[in-house]
Each structure stands twice: as C-alpha cells, then as structure tokens.
Amino acid sequence: MALTLMEGNEAIAWGALKAGCRFFAGYPITPATTVYNAMLQRLPPAGGICLQGEDEIASIGFCLGASMAGHKAMTATSGPGISLYSEQISFAVGSEIPIVIVDVQRLGPSTGSATRGADGDIQFLQWGSSGGLPVIVLAPVDVRDCIVLTMQAFNLAERFRCPVFMAANKEIAMTRETLDLEALDLPAVETRSMADPDAPFAPFAASPHAPVPAFLPIGGKRLVRQTSSTHGPDGYITTAPELIAANQDRLMRKILSAADAFTFYDCEEAPGARTLVISYGVTARAVSDAIARLAAGGNPASLLILKTLWPVPEALLRAKAAAYERIVVIEMNMGQYVREIQRILAPRDIVFYGQMNGELIRPEKVQEVIAHG
Amino acid sequence: MDSLLNRERPPVFCPGCAHERVVAALDQTLQRLALSGDRVVIVSDIGCSGLFDTFFNTHAFHGLHGRALTYATGLKLARPELQVIVTMGDGGLGIGGAHVLSTCRRNIDLTLLVLNNFNYGMTGGQCSSTTPPEARVGSGFLNRLEKPIDICQVAGSAGAAHLTRISTYDDGLIDRMMDAIQFKGFALMDIWGVCPGRYARGNKLSPASIETELAQRPPVDHFQRQNTRAEYGAHYRDEAARLEPAAGPLRVEPRHKPPTEARCEVILLGRAGQRIVTAGELLCLAGATAGLHATQKNDYPITVLRGHSVSEIVLAREAIGFTGIDRPRAVIALAAEGVARRRRMLAALPADALVLRARGVALPETAATVVDIDFKTNRVKAPDWALATLGVLARRGEVISADMLRSALALRFKGRVLEAALAVLEKAVD
Ligand code: SF4
C-alpha cells in the first residue's frame, strides 16, 4: 500500500483529469483557487486548456462554449462566484450543456469568511437558477470522494447533458489527507452520446426512450444550433405551448426518472440501533466518530451519509428511515437539507442540529445531540 | 459560393432597420470569403442583434446578454479552425463591458460586430452606453447625466488592434467586414445604424447625419500599429507546447516503523512566514513513510504575510474521521498569534502532552511538559523554526522518528533545498 497526500481541491482536479476533462476556466477565489492551480499545472502541458476569466461569469461562459465544441469542461468557485454563475447555470440547464461546477463552500452569506467552511449553499445549488428545473449535486466527504465523485460528476454531466455540482467545503477542499490511489475503485469514463453526423440532425431531438438529445459539436460538418431562448427540437425559438411543455417535462424527467441510478451514499447500520443519523459532507466524519464512541459505550446508532444530495434520494430515505424510531439530521448550516428530509418523512419528527460559526461540528456535540436530541 | 442566408427564416426586423442591411452585408462577406456554413459560428448576444444567428445557415450559439464573447472565446480555443463571428448591440457592449475589454486585451481571433444604434430597441428605446446626452430616449432624463463611450477608442486603449468605425450605409461595409474577419486577432467593428422602431422616433438620425458625425470622430488606425501582436490562441498553444508535463501524484511507500502505533495529534501554532503549513505537510509525509494515515487541517486568515498560521495534524494507523484536534500529544508553539487562537485548548492540556515552544512565547498555565527551544543562539532563521522543531520532536522519538522525518524531507525537497533542510535538523536547538 502506497499513500498519497492530497488536499481535496487537488483530488477534484485529479478526478477531473481522469474523467477526461479538457477545459477548465475559473476566477481566483479562496477556498477554490487550488483547483485552478492544479488544473493550470496539468492541463496545458497535456494539450488541454486552462483559463483565468476576467470574472466568474466569463469563466463559466468559456466552459459553456468549449463544452458545445465537444470538450469536457469544469469550473470551480465558492459562494460569491456561484451567485454570479447563476444565469449561466440556468442556460446550461435549459439548453442541455454538460459542465461540472465545483462549489467549494465557504462561510456566507455574501463575502462571508474566505477561509472558513460551511455547507451554506445546499439549497442554493438546486434552486439558484431561473426556471426551477432539477440539477445534480454530489457532496464529497473526503479526498477519495473528491476523486471518485468528480469522475461521477463528469459521467452524469455527459449522460444527462446538464450541469453537475460538486458541493465541496473548505474543510475538505483545503485539508490534506492520505489515500491509496491504487486501491480506488474508479468508475468507467462515459462520454455524451453522439448523433450520426451523416443523418439529418435536430440539436434537441429526443424520444420517450431516449430523453437526452444526442450531441454533435459546434464546428463539425453538421450545423449545430445552441440557444438560451425557449426552443423546439430544431433549436429555433418556439411559442408553441405543447412543444414548450413537452420540453420542460423532458428536462425534468430525464434527471428525476433516472435518479435511482446515481443515488450515491454510505450506510452503516448498527444492529439494535433505534436512531438513524443522516448527514453529508465533512460533517459526516464527525458523525461517524461520534457514532463509534457511542457504540463503544453500548449505545449503537446507525449512519446514513448522503453523497447525492440532488435530486433528493427519496426512495432511499424512506427505505432507510422506516426501521428507526428516531431520525437525527446534522449539517453545517442553519437547517437546509433537513427540510427535504422533513418533507419526505412527514409527519415524523426529525431531530436537527446545525451550526454555522466557521468551525467544524465536533464529534462530542454530535454525541450530545444523538443522546439527548 | 452560395448565400448562407436561411431562406426559411428571413429577417424580422422593423421596416428600415439598419440590422437588416448588416445581415445582407455579412452574407455577402461570407460569400466573398468562400466560407461554408460549417466553418463559421455566429455567436449572438441579446436584443434585436441577438436574432442574427437565426438568419444564417451556419453553426449558431445564442446565449446570455453581454456574455457572447465568453462563449466565443471558449469555442475558438476549443476549435481554432472555426471562424467565430459575434454580433452584439450597444446594450451588450455596456452590460458585457468587462468581457469586451478582456477580449481586446487577449487579442483572440474573433470578429465582433457591434450593431450600434444608440439605444435598447427591443425593450423600449432606453439609453445605452452609446446614447448621446442630448438624445430623447425611453429613460427620461437619465441619458443626460452620462457620457457615451466611443467603443473604438476604448477598445484600442484596451489592446485591440483591428478597429473599424463605419456606417451601415457605407459602400465599403463589405470590404471592411472582409478585412475584419480575415484579421488574425481580435477585430471590432462599430457599425452605426438607424433604429426606426425606437430611436429614430424621437431623434433625427439618418445615413447622412451618421456620415457627418463619423467624419468628426478621431481616427483609430494608429491602434493597429500600436497593438498588433501574436494571436491569443496561437500564443497559448505555443507557450503550452514548451511546458514540461506535470508530475503525477507522489506515492509514498511505507518503509519505517513509527515510534508509536497510537493515534497522534499534533498542532502547530505560529504566524505567517514561519512555514507552518509546510511543516505540517512534512509531518503527514513522515507519517506516510511509516504507512500511517494523515490529515492536515489548516487555519489562517485572508492576510498573506501577517496573522496567525495554525496547522492541525492527525497521524493514525486506522482511517481518520474528524480532522480537528481534541487532545494533542504534541504542541509546537512558535508565535503569539498562533497561541492566541488556541488558548482554551492549551489551558486544558493533560500532563502527558509535550509543548515545544520558541523561547519567549507566552503560554497559558498548563499541566503539560514545556520544552523551550532557543533558535536565536543557534542562529536558526524564523522560516526554519518549524522544521527545526520537527527535528526536536523526531530526536525525542515523539510522534515521528528521525528516519521518518528525513525520508519526508527527501520526498518533498530536492538538491540544495534538501541539503539546507537536512542541515537545519542537525542544529541542536533543544
Ligand atoms: S427596434 Fe430598432 S433595432 Fe430592433 S428591429 Fe426595430 S428598428 Fe431594428
């Protein structure tokens, strides 16, 4: 066993390269800057492109252009930048442009604290774009996840032609950690399904069996249209209500109906446990430690770590929660994801603890919450 | 070469709109340049000029307001062989100003056609960044308060080499458009025209008055001499080709036995400039040389050469969960700034904890063993204090061994830097 010491941001960059990322653009922002640094070091010598935009809007815009030219593209930022991405994210959702967006969350609101962690963007990532359509959000717990989930993020962006978010946190992204790279079980690399360039092509044509339109790059032999306007399958503006409705429905369905296939999670079920603790991201590490200590004291509890946050893994949550008397949710914000869990498990009571003070939630605090609510 | 106009989608501009003439001129230009549709992408902005892409049988990319140049840049770098033409109004110019300036500075091979009609046509004739103060527009008195920009002057100052200020009604429009598209670098055309739907309703503007106004504008030809240089994409590929491939991640094979199998927590308390983070990394690498898992969580403010620097390290045989430090086995206290961040923790240290402190750093009352280190008499410079203290830790067989530390240094540094680092370890500071 050989060990490699990596911080989460380097691991995200490494995962991106393993997934076939050829284009990166970002604007420097703590705590996401080291993703950019790592990409700048690795991409250009390997024939890829790494750019520093004049702002976040430009950075993600470069990526959308490159993605439509057929490149796998990624950008990385933090709260202030993800806010500026918002309009471009809506574009990527509505016009089906594959892109991986890394949000290394820092303590907000607004400028907040550049060098303090939080999971304060969890609802924003899903709802921070106009139109209200589903996106995919993955949340890494450690450096291993930073590699594996980034690869999954690329695969999902390609498979569904949509933006996929990595909801990282300063406390993972800028924390160094050892891992055994050879022991990783890496997913097979996927690429977007291509249309036949010799057949007539409509850039947004789909069918009930294949709800994701086949892709052709801008710049190939076949003319390709991309547009941020409400469009029909041909990529031209439409006002036909039935075409519009069918497209909105498809954009929703292509992700929601396939969600079970990419519900990533870890579950440690303890025999005899009456409590299930649900957490995600860096907080799950403190929860895991707390549960180990409680178990050592003869108080078993089970742990569900969600790694796919959006779409909400409703079936998984219902199935796992059914066997427990108490459900405890712990997250590094003032109560964001717990809303989804309350919605799904209604009318059950959920014990919640959230903290947003720039510090990690400590295992002792988690123990206390599990023991006494 | 055939026309690239999309016969099924004729222009839908107001009768007499200048944009329609520019559509015809662009079609003529593409024909004269013998460009087929698959070699061209029209990237259109928002507003009436944002409809351009639909009138042509070329590749098309229609995105957000003011951001057309951002997509165009991504497309051009990904597909350098494509002819990328961007259409934008004076509205897009204003909202996307940062992108316009940056594109000028980059000199990337794009052609930007600014369809300048001095107002926002589509939304009701409001003032834009080029509206004259005396004009009557849909923004009440507000345009009287602002000075319009001369985009060619601005773009030239920002580094654009190829600038054309021209009337839509100029007989030379097609020739000048051909020049702009053929230019290997960023070319901007400021094309003035009449918007009969909005602007011309309240203002006297005609091909003749445009002609007169243009004649009074300062020339922009000198920018070509001043700003001609390598094209961004070609330059990028040239620079990239000279780079060494980046090394793969460092893999550390276990080769040593650690002084203890128990989980060890170490905290370094210092200030910026003391290489606290590097010392923390060395501790982690040292752990890895004994097959131990390691985590390093750092805490520092946004200031660069000032302020505290704290690094928390965990070394353990088993996988590490929580990365914070509860009960450090060793504390390395090198500066008051760092100590101030962890007063409570220091006060609660158990008797079996070890504190290695730079002489003179005040500590709260503690039950732990405190060892003073005298860097000054031993002539160790502040940036080496943390490393020298790791040497003390290793000599005492606490947390890491001397072999582990030496191996870590050899993994992290090479050549002269490594020799200097090893020499720091030799200094008997304790
Ligand atoms: S509003 Fe003005 S710019 Fe728009 S189509 Fe009508 S005349 Fe042309």
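Proteins get letters first, then strands, A, B, ... in listed order; numbering begins at 1 in each.
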**Asked** Between atom NZ of B/Lys297 and atom CG of A/Leu360, what is the distance when rounded to the nearest 0.5 Å?
**Response** 4.0 Å
**Prompt:** Taking A/Thr283, A/Ile218, A/Asp289 one by one, which has the highest count of heavy-atom pairs under 4.5 Å against chain B?
**Reply:** A/Ile218
**Message:** Under 3.5 Å, is there a donor on one side chain and an acceptor on the other for A/Tyr236 and B/Asp53?
**Reply:** no
**Request:** Could you tell me whether a side-chain N or O of B/Arg79 sits under 3.5 Å from a main-chain N or O of A/Ala69, the two making a donor and an acceptor?
**Result:** yes
**Request:** Give the member of B/Ala241, B/Gly280, B/Ala68, B/Ala240 that has the highest number of heavy-atom pairs under 4.5 Å with chain A.
**Result:** B/Ala240
**Item:** Backbone of B/Ala247 reached by a side-chain donor or acceptor of A/Arg42 within 3.5 Å
**Value:** yes
**Request:** May I ask you to check whether A/Phe91 and B/Phe61 place their ring centres under 6.0 Å from each other?
**Result:** yes
**Request:** Hey, could you give me the OG1/CZ distance between B/Thr73 and A/Phe62, rounded to the nearest 0.5 Å?
**Result:** 5.0 Å
**Asked** Without hydrogens or angle criteria, can the side chains of B/Tyr71 and A/Gln88 be said to hold a donor-acceptor pair below 3.5 Å?
**Response** yes
**Asked** Nearest 0.5 Å, what's the OG1-CD1 distance between B/Thr54 and A/Ile237?
**Response** 7.0 Å
**Request:** Return the option, out of A/Glu7, A/Met1, A/Glu87, with the maximum number of heavy-atom pairs under 4.5 Å with chain B.
**Result:** A/Glu87
**Request:** Can you tell which part of B/Arg251 gets under 4.5 Å to a heavy atom of chain A, answering side chain, backbone, both or neither?
**Result:** both
**Message:** Using every non-hydrogen atom in the two residues, find where A/Ala66 and B/Ala78 come nearest and quote the distance to one decimal.
**Reply:** CA-CB, 4.1 Å
**Prompt:** Is the number of heavy atoms from other residues, nucleotides or ligands under 6.0 Å of A/Tyr27 OH greater than 12?
**Reply:** no
**Prompt:** Of the backbone (N, CA, C, O) and the side chain (C-beta and beyond), which part of A/Ser229 lies under 4.5 Å from a heavy atom of chain B, both, or neither?
**Reply:** both
**Request:** Tell me, out of A/Ser95, A/Pro217, A/Ser113, A/Ala25, who's got the most heavy-atom pairs with chain B below 4.5 Å.
**Result:** A/Pro217
**Message:** Let's go through B/Gln296 and A/Thr175 carefully: what are the C-alpha distance in whole Å and the side-chain angles of both, what is the deciding distance for side chain to side chain contact (heavy atoms under 4.5 Å, CB included) to 0.1 Å, and is it a yes or a no?
**Reply:** CA-CA 6 Å; B/Gln296 180 188 15; A/Thr175 294; 5.7 Å; no
**B/Thr58, part contacting chain A, at a heavy-atom distance under 4.5 Å** = backbone
**Item:** Ion pair check, B/Arg9 and A/Asp234, cut-off under 4.0 Å
**Value:** yes
**Request:** Please check if atom CZ in B/Arg344 has more than 12 non-hydrogen atoms from other residues, nucleotides or ligands closer than 6.0 Å.
**Result:** no
**Prompt:** Ion pair present between A/Arg293 and B/Asp326, side-chain N to carboxylate O less than 4.0 angstrom?
**Reply:** yes
**Asked** Which atom pair, heavy atoms only, marks the closest approach of B/Thr70 to A/Gly61?
**Response** OG1-CA, 3.3 Å
**Prompt:** Of all heavy-atom pairs between A/Leu3 and B/Leu292, which one has the smallest distance, and what is that distance?
**Reply:** CD1-O, 3.2 Å
**Exam field: side chain A/Thr4 to backbone B/Leu250, donor-acceptor pair closer than 3.5 Å** = yes
**Asked** Taking atom CZ of B/Arg263 as the centre, does the number of heavy atoms from other residues, nucleotides or ligands within less than 6.0 Å exceed 12?
**Response** yes
**Request:** Nearest 0.5 Å please: distance from the OG atom of A/Ser228 over to the CD1 atom of B/Ile46.
**Result:** 4.5 Å
**Message:** Is it true that, when you exclude B/Glu8 itself, more than 12 heavy atoms of the residues, nucleotides or ligands shown sit nearer than 6.0 Å to its CD?
**Reply:** no
**Message:** Heavy-atom cut-off 4.5 Å, strictly under: side chain, backbone, both or neither for A/Cys63 against chain B?
**Reply:** neither
**Item:** Charged N-O contact under 4.0 Å between A/Arg222 and B/Asp38
**Value:** no
**Item:** Under 4.5 Å from any heavy atom of chain B - which part of A/Thr30
**Value:** neither
**Asked** Do you know which of B/Gly96, B/Ser102, B/Gly291 has the most heavy-atom pairs under 4.5 Å to chain A?
**Response** B/Ser102
**Distance-minimising heavy-atom pair for A/Trp14 and B/Pro249** = CH2-CD, 3.3 Å
**Residue A/Leu17 versus chain B: region with a heavy atom under 4.5 Å** = neither
**Asked** Between B/Arg106 and A/Glu54, is the closest basic N to carboxylate O distance under 4.0 Å?
**Response** yes
**Item:** Side-chain donor/acceptor of A/Thr115 to backbone N/O of B/Tyr300, under 3.5 Å
**Value:** yes
**Fill in**
chain A shares the most heavy-atom pairs under 4.5 Å, among B/Gly321, B/Gly324, B/Ala246, with B/Gly321
**Prompt:** A/Glu364, A/Arg116, A/Glu359, A/Lys170: which one forms the most heavy-atom pairs within less than 4.5 Å of chain B?
**Reply:** A/Arg116
**Request:** Flag the pair B/Cys284 / A/Thr178 as yes when at least one side-chain heavy-atom distance between them is below 4.5 Å, and no otherwise.
**Result:** no
**Fill in**
Answer key: most heavy-atom pairs under 4.5 Å with chain B among A/His71, A/Glu10, A/Gln41, A/Met6 is A/His71
**Prompt:** Once you round to the nearest 0.5 Å, how far does CD1 of A/Ile49 lie from OH of B/Tyr236?
**Reply:** 5.5 Å
**Prompt:** Which one of A/Gly48, A/Ala58, A/Ala46, A/Gly53 has the most heavy-atom pairs closer than 4.5 Å to chain B?
**Reply:** A/Ala58
**Closest non-hydrogen atom pair, B/Leu75 against A/Gly65** = CD2-O, 3.2 Å
**Message:** Nearest 0.5 Å, please: how far is CG in A/Leu51 from CD1 in B/Ile108?
**Reply:** 8.0 Å
**Residue part contacting chain A, namely of B/Glu281, when any heavy atom lies under 4.5 Å** = both
**Request:** Return yes if some donor-acceptor pair links the side-chain N/O of B/His59 with the main-chain N/O of A/Gly219 below 3.5 Å, else return no.
**Result:** yes
**Prompt:** Pick one: which of B/Thr295, B/Thr323, B/Val314, B/Ile320 meets side-chain contact (heavy atoms from CB on, under 4.5 Å) with A/Glu177?
**Reply:** B/Thr295
